[in-house]
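When reading the values below, keep in mind they use all heavy atoms of this one structure, side chains included, and skip hydrogens, waters and symmetry mates.
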Amino acid sequence: MGDRIGVAVLGATGSIGASALQVLRLQGDRFKVVSLTAWNQIGALSRLVNEFSPALVAAAPESAEDAGLDSPPEFQADYYVGGDEGLVAAATHPDVHTVIAGVSGAAGLQSTLAAVRAGKRVLLANKEPLVMCGHLLRDAAAESGACLLPIDSEHNAIFQCLPLEVQRDVAAGRGIRAGPGRSGVSRIALTASGGPFLRTTASGIAKATPNEALAHPTWNMGPKISVDSATLMNKGLELIEACTLFGLDESQVEVVIHPQSVLHSVVYFSDGSLIGQMGSPDMRVPITHGLAYPDRMPSGVAGIDLTEIGQLQFELPDLERFPSLKLARQAAKEGRSAPIVLNAANEVAVQAFLEGRIGFGFIPEIVDRSLERHDPREITELVQVIGIDRETRIVADDIIRGILH
Ligand code: NDP
Ligand code: MG
């Protein structure tokens, strides 16, 4: 490998994976792809394996078998490990220094946690594990010496706006508050594009089709996060992500609609200063920041032209038309196991919507009713997280069956 930095790309066949691999191609003399994971897209994974020759690949056991590609020679990799075990092996491979956590949803929990426990630099795109149990990930980082770097664009923006010693605390899992108390951070604002239904009436939103929900105005992303952006649940998940990652209280995190999507979030300081980070809405920018941190290197993305943008607009989100955001704030306030329930019920509802089983308007209703049926509990261990996630999926399925009858 020479001096090149070993990288694991978890979710290599997804949108984050594609952006990460574009940067890794551009920076091929500095980084080496050690492991790649996919799930169902075996053909796409095979092409990546041929291009990058990783030491380890992983995918869903059944899809690899279906494609007749489950043996190491087919993949031309030193070895292939199937399923969740494969994802964990990819994340913890001894030659891996940096892990790009780009799996979608709660499915990325075990591999993200394994990467943190193994003391890797972990570039966190996959927000759902942070929503479910961010405090466990932070504790694990504090113990292992892992480096947590947010690459969800808003959280990466906030991270970039923090003083260097506060960045170090956040990366080490200590959050903002645990520093010397002089960070001066009073609150933050997460910006949101507003999604495809920003100007759509409530009745129009209720009737939205999957194709309409997937047509995001400024970002090109995977299906689950695209639907979350349409309901504004994505911003709700990001609110919880910000609270857990930075150690902030829910009351310190604002959400502001900013349709141009060039100001990626801001930090307010106690002296009245506000610092924000701007850039094109392209995930290669935060990914490159995380890969090169604390240095900088080219991402392949051109800088923005201020006069071309001309105007920046900001407005408050409409919580009546976008109840998912309100539910997420309630879950953030409630804390404990409530965010696990919010996340799992939302994943089930979004899947049902994408499969055409329920209308768009039912997504927040399923989340709301799942939260109502749950008594929040303190979370101290991973098994509890997995247990509540599973229980909630059964409850949410049950609610959907009730809606369909
Ligand atoms: P995609 O749906 O495009 O990609 C998901 C990836 O995860 C694919 O490689 C997929 O494999 C793999 N995958 C799916 N299910 C499983 C499973 N059960 N086990 C293991 N791997 C699985 O998602 P995105 O790239 O859009 O998003 C990934 C994460 O990053 C999400 O948490 C999202 O919220 C976050 N994020 C994404 C942004 C974006 O711009 N896309 C921006 C900020 C955050 P396969 O396709 O082979 O089945
Ligand atoms: Mg984001």
Side-chain angles (χ1 to χ4, degrees), residues 127 131 154 187-219 221 224-243 248-261 263 265-266 312-335 338-339 341-354 357-374 376 392 395-396 399-400 402-403:
K127 64 194 80 183
V131 169
E154 298 76 5
R187 62 201 162 95
I188 63 172
L190 300 173
T191 54
S193 70
F197 306 135
L198 178 59
R199 307 285 173 227
T200 311
T201 60
S203 61
I205 293 175
K207 292 193 297 251
T209 65
N211 278 343
E212 288 164 346
L214 291 173
H216 196 276
T218 48
W219 293 94
M221 311 178 287
K224 196 262 174 180
I225 182 174
S226 294
V227 175
D228 285 347
S229 299
T231 57
L232 290 198
M233 179 57 95
N234 183 49
K235 216 46 57 176
L237 297 176
E238 289 181 354
L239 189 166
I240 300 170
E241 179 186 9
C243 291
L248 296 170
D249 187 73
E250 160 275 326
S251 61
Q252 293 174 287
V253 185
E254 292 171 5
V255 171
V256 176
I257 303 290
H258 162 51
Q260 290 81 14
S261 296
L263 176 66
S265 281
V266 304
L312 300 180
Q313 292 167 295
F314 302 102
E315 57 190 89
L316 283 174
D318 180 347
L319 299 182
E320 297 308 314
R321 283 186 306 133
F322 299 102
S324 290
L325 182 54
K326 195 157 62 179
L327 292 170
R329 196 173 276 286
Q330 276 166 15
K333 248 188 219 156
E334 188 76 65
V341 174
L342 177 95
N343 180 67
N346 180 59
E347 280 194 29
V348 171
V350 169
Q351 189 59 33
F353 167 69
L354 285 171
R357 289 190 284 129
I358 58 162
F360 187 81
F362 282 115
I363 298 173
E365 188 176 327
I366 291 158
V367 176
D368 193 10
R369 284 163 61 179
S370 300
L371 282 165
E372 269 171 16
R373 288 215 215 160
H374 179 74
T392 306
V395 169
I399 294 169
I400 291 173
I403 288 170

Inset, instruction - Can you measure from CD1 (Ile240) to NZ (Lys333) and round to the nearest 0.5 angstrom? - result: 12.0 Å
Inset, instruction - Flag the pair Arg369 and Glu372 as a salt bridge only when some basic side-chain nitrogen lies within less than 4.0 angstrom of an acidic carboxylate oxygen. - result: no
Legend entry - Heavy-atom closest contact (Met221 atom, Ser229 atom, distance): CE-OG, 3.4 Å
Legend entry - Sub-4.5 Å side-chain heavy-atom contact between Val255 and Leu232: no
Inset, instruction - Quickly, which of Val350, Ile205, Thr209 forms a side chain to side chain contact (heavy atoms under 4.5 Å, CB included) with Phe360? Name it, please. - result: Ile205
Legend entry - Closest approach of Ala213 to Phe353 (non-hydrogen atoms, all atoms of both residues): CB-CE2, 3.8 Å
Legend entry - Point-to-point distance, once rounded to the nearest 0.5 Å, from CZ of Phe322 to OG1 of Thr231: 8.5 Å
Inset, instruction - Check step by step if side-chain contact (heavy atoms from CB on, under 4.5 Å) holds for Leu214 and Ser226. - result: CA-CA 5 Å; Leu214 291 173; Ser226 294; 3.8 Å; yes
Inset, instruction - Over all heavy atoms of both residues, which pair between Val253 and Arg329 is shortest? Give the atoms and the distance, please. - result: O-NH2, 2.7 Å
Legend entry - Validation row: Leu263, Phe314 side chains within 4.5 angstrom (heavy atoms): yes
Inset, instruction - Mind checking the CG-CD spacing from Asp228 to Glu347? Nearest 0.5 Å is all I need. - result: 8.5 Å
Inset, instruction - May I ask you to decide if Ser261's main-chain N or O and Ser193's side chain share a donor-acceptor pair within less than 3.5 Å? - result: no
Inset, instruction - Answer yes or no: is there a donor N or O on one side and an acceptor on the other, between the side chain of Arg321 and the main chain of Thr200, under 3.5 Å? - result: yes
Inset, instruction - Identify the heavy atoms of Val131 and Pro339 that sit nearest to each other, and give their distance. - result: O-CB, 3.3 Å
Legend entry - Spatial distance of atom CG (Leu190) from atom CG (Asn234) [nearest 0.5 Å]: 10.0 Å
Inset, instruction - List the steps, then state whether side-chain contact (heavy atoms from CB on, under 4.5 Å) holds for Val348 with Ile400. - result: CA-CA 9 Å; Val348 171; Ile400 291 173; 3.7 Å; yes
Inset, instruction - Can you measure from OG (Ser370) to CD1 (Ile399) and round to the nearest 0.5 angstrom? - result: 3.5 Å
Legend entry - Basic-acidic side-chain contact under 4.0 Å: Glu154, Lys235: yes
Inset, instruction - Carefully, step by step, assess Val367 and Met233 under the rule side-chain contact (heavy atoms from CB on, under 4.5 Å). - result: CA-CA 10 Å; Val367 176; Met233 179 57 95; 4.0 Å; yes
Inset, instruction - Supply the atom-to-atom distance Leu342 CG to Leu327 CG, rounded to the nearest 0.5 angstrom. - result: 7.0 Å
Legend entry - Side-chain donor or acceptor of Arg187 paired with backbone N/O of Ser251 under 3.5 Å: no
Legend entry - Heavy-atom closest pair, residues Ile257 and Gly194: CD1-CA, 3.9 Å
Legend entry - Nearest heavy-atom neighbours spanning Ile188 and Ala242: CD1-CB, 3.9 Å
Inset, instruction - Report yes or no: does Gln313 contribute a side-chain atom to a donor-acceptor pair with the main-chain N or O of Gln260 at less than 3.5 Å? - result: no
Legend entry - 4.5 Å side-chain heavy-atom contact, Val227 and Ile363: yes
